[in-house]
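Each remark here refers to the structure printed beneath this line.
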Number of protein chains: 2
Amino acid sequence: MSVPPLCEAFVLHFGEMGSRWGINRTVGQIYAVLFIAERPLCADDIVDRLGISRSNVSMGLKELQSWNLLRQRSIPGDRREFFHTPDDIYAIVRTLVDERKKREIDPTLSVLRELLMRSPESESERHAQGRMREMHDLIELLTGWYAEVQKLETERLIQLLSLGSRIVKVLDVKDRLFALPGGKRSSPTDKGN
Amino acid sequence: MSVPPLCEAFVLHFGEMGSRWGINRTVGQIYAVLFIAERPLCADDIVDRLGISRSNVSMGLKELQSWNLLRQRSIPGDRREFFHTPDDIYAIVRTLVDERKKREIDPTLSVLRELLMRSPESESERHAQGRMREMHDLIELLTGWYAEVQKLETERLIQLLSLGSRIVKVLDVKDRLFALPGGKRSSPTDKGN
DNA sequence: CTGAATTTTCAGATTTTTCTGAAATTGCAG
DNA sequence: CTGCAATTTCAGAAAAATCTGAAAATTCAG
């Protein structure tokens with residue numbers, strides 16, 4: 001690998017992390033190289049830096065593109081394509097989460113919904129459905145939250161994240177100020193534990 | 001696989017999901033079987049249901065235990081160990097996130113910190129460090145938020161999640177009510193984009 | 001259209017991961 | 001301690017994934 005030592009450590013670590021995340025090592029390394037590069041890189045730049053075959057780079061780039069994680073730039077008079085990562089790291093994380101949701105969460109929800117529609121044919125199936133229902137409801141709660149938060153501009157998001165659990169105090173204040181006389185409370189999930 | 005069709009679909013799907021999450025297919029299936037089981041299961045129950053070797057089950061259970069995802073129960077006069085998943089699905093997710101953080105996020109943060117300490121020896125290293133800094137700060141923001149939220153009881157967490165981005169309106173109200181004359185604002189991250 | 005530069009494809013080689021059966025170990029009742 | 005039931009370990013087999021080089025396809029200047 002022909003990158004400065006500082007970069008090498010970063011690239012190797014993200015290759016490792018990628019492989020724990022169901023993305024293969026090389027693809028992780030390619031993204032790491034692009035992420036820290038000063039300028040957009042062409043495929044052969046990546047070959048040089050990682051010391052892997054040209055075809056491997058080509059497949060890796062295709063994979064990353066299918067995740068919407070790359071931007072391309074072409075230089076007039078140069079036939080090569082140059083790739084770079086979005087400048088805004090928040091945008092990168094948003095894309096990553098969106099794609100992950102699309103590929104993993106959404107299909108899971110639809111499998112769960114389908115299974116919850118079926119009539120259980122035994123006591124054990126009935127019990128299993130109960131558990132699937134719990135899982136389904138939790139995933140819906142989380143994805144609903146994510147869908148809402150996703151809409152926020154980065155500025156707002158940071159504000160919210162920085163608050164952390166102190167947000168709860170704000171909620172308390174709100175409750176006290178606007179408490180409805182009837183004591184009406186939303187109970188979003190019926191946790192049958 | 002000798003489980004009712006409803007359960008089989010669930011187990012197969014979670015095997016698949018597991019393998020996209022860096023957990024292997026079989027381990028995912030073992031957890032799925034335990035998650036929907038009516039009662040704690042011993043290793044041989046799992047062998048019967050999944051049709052895999054006894055040793056594979058043993059290794060899978062060990063793996064799941066290392067993630068703190070299992071509870072054990074022994075029946076007096078029976079030498080076998082019986083395994084089950086926590087009843088509270090929120091507890092399961094919390095454990096999963098905690099472990100994932102411990103194994104992936106924390107080591108990443110410490111690699112990033114170490115690399116940020118080093119003196120760049122070239123312009124490209126200097127630029128790379130800038131990107132690493134952005135990544136480091138974002139991860140810190142997210143883990144800080146998670147550490148705070150983790151402390152909340154499930155009840156409170158659900159309340160918060162159900163609010164979604166409507167929380168921002170609450171923030172607005174708070175700002176209006178308690179606006180400091182000096183216009184003091186915390187700016188948590190300096191995004192140099 | 002031609003041909004050089006570049007990218008993509010893909011069959012098979014290589015590497016890594018997962019799985020198994022046999023053997024070793026553990027734990028406990030008697 | 002003995003003997004048996006249960007569990008764990010681990011070397012090698014099997015399966016899955018990743019990677020490569022060669023060939024095909026694409027792109028574009030001239």
Side-chain angles (χ1 to χ4, degrees), chain A residues 1-2 11-12 14-34 40-67 70-84 103-104, chain B residues 1-2 11-12 14-34 40-67 70-84 103-104:
Chain A
M1 193 176 299
S2 76
V11 168
L12 290 177
F14 277 85
E16 223 41 63
M17 282 304 114
S19 68
R20 293 211 200 172
W21 257 75
I23 288 167
N24 90 44
R25 186 156 318 184
T26 306
V27 173
Q29 292 183 351
I30 292 174
Y31 205 72
V33 160
L34 290 172
L41 303 181
C42 71
D44 283 314
D45 291 332
I46 300 170
V47 168
D48 294 342
R49 286 170 204 222
L50 295 180
I52 60 182
S53 74
R54 184 50 234 267
S55 53
N56 202 0
V57 169
S58 178
M59 291 188 298
L61 289 171
K62 230 182 63 171
E63 167 91 3
L64 288 170
Q65 282 180 303
S66 81
W67 284 80
L70 293 183
R71 301 285 174 271
Q72 293 185 48
R73 175 170 308 173
S74 28
I75 293 178
D78 190 328
R79 217 177 273 172
R80 294 168 299 174
E81 277 295 340
F82 290 82
F83 300 88
H84 61 111
R103 292 164 188 232
E104 285 147 30
Chain B
M1 192 176 299
S2 76
V11 168
L12 290 177
F14 277 85
E16 221 42 60
M17 281 305 113
S19 67
R20 292 211 201 172
W21 257 73
I23 288 166
N24 90 43
R25 187 156 317 187
T26 306
V27 174
Q29 292 183 352
I30 292 175
Y31 205 73
V33 160
L34 290 171
L41 302 180
C42 71
D44 284 314
D45 292 330
I46 299 170
V47 168
D48 295 342
R49 287 169 205 224
L50 294 180
I52 60 181
S53 76
R54 183 51 234 268
S55 52
N56 201 0
V57 169
S58 178
M59 292 187 297
L61 289 170
K62 230 182 63 172
E63 168 91 3
L64 288 168
Q65 283 180 305
S66 81
W67 283 79
L70 292 183
R71 301 286 173 268
Q72 291 184 52
R73 176 170 307 172
S74 27
I75 294 178
D78 190 328
R79 217 175 273 172
R80 295 169 297 177
E81 278 294 342
F82 291 81
F83 299 88
H84 61 112
R103 293 166 187 231
E104 285 147 30

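Reminder, nothing fancy here: chain letters follow the sequence lines and each chain counts from 1. Values below: every heavy atom of this structure, side chains too, minus hydrogens, waters and symmetry copies.
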Kindly give the atom pairs (protein nitrogen or oxygen, nucleotide nitrogen or oxygen) under 3.5 Å for nucleotides 1-5 of chain C.
| from | atom 1 | to | atom 2 | distance (Å) |
| --- | --- | --- | --- | --- |
| C:dA4 | N3 | A:R79 | NH1 | 3.3 |
| C:dA5 | N3 | A:R79 | NH1 | 3.4 |

Going by the rule side-chain contact (heavy atoms from CB on, under 4.5 Å), which residues pair with B:D45 if we only count those two or more places apart in sequence or in a different chain? B:R39, B:L41, B:C42, B:R49, B:F82

What residues form a side-chain contact (heavy atoms from CB on, under 4.5 Å) with A:L12, not counting sequence neighbours? A:M1, A:E8, A:Q29

Going by the rule salt bridge (charged side-chain N to carboxylate O under 4.0 Å, His left out), which residues pair with B:R71 if we only count those two or more places apart in sequence or in a different chain? none

Identify, with sequence neighbours excluded, every residue that meets side-chain contact (heavy atoms from CB on, under 4.5 Å) alongside B:W67. B:E63, B:L69, B:L96, B:E99, B:R100, B:R103

Sorted by chain and residue number, the salt bridge (charged side-chain N to carboxylate O under 4.0 Å, His left out) partners of A:E16 (sequence neighbours excluded) come out as A:R25

Contacts of B:F14 that satisfy ring pair (Phe, Tyr, Trp, His ring centres under 6.0 Å) - sequence neighbours left out: B:F10

Tell me every residue that passes side-chain contact (heavy atoms from CB on, under 4.5 Å) with B:S53, counting only those two or more places apart in sequence or in another chain. B:S55, B:N56

Under 4.0 Å from any atom of DNA chain D, heavy atoms only: list the residues of residues 46-65 of chain A that qualify, in numerical order. A:I52, A:S53, A:S55, A:N56, A:M59

Atom-pair distance (CD on A:E81; P on D:dT27), nearest Å: 11 Å

At a heavy-atom distance below 4.0 Å, what parts of residues 19-30 of chain A sit against DNA chain D? A:N24, A:T26

Could you pull out all residues at least two apart from A:R80 that satisfy salt bridge (charged side-chain N to carboxylate O under 4.0 Å, His left out)? A:D78

Can you tell me how far C1' of D:dA5 sits from CD1 of B:I75, to the nearest Å? 15 Å

Hey, what do you get for CD1 (B:I46) to CZ (B:F83), rounding to the nearest 0.5 Å? 7.0 Å

Considering only residues two or more places apart or on different chains, which pairs with a residue in residues 51-60 of chain A satisfy salt bridge (Lys or Arg N to Asp or Glu O under 4.0 Å)? none

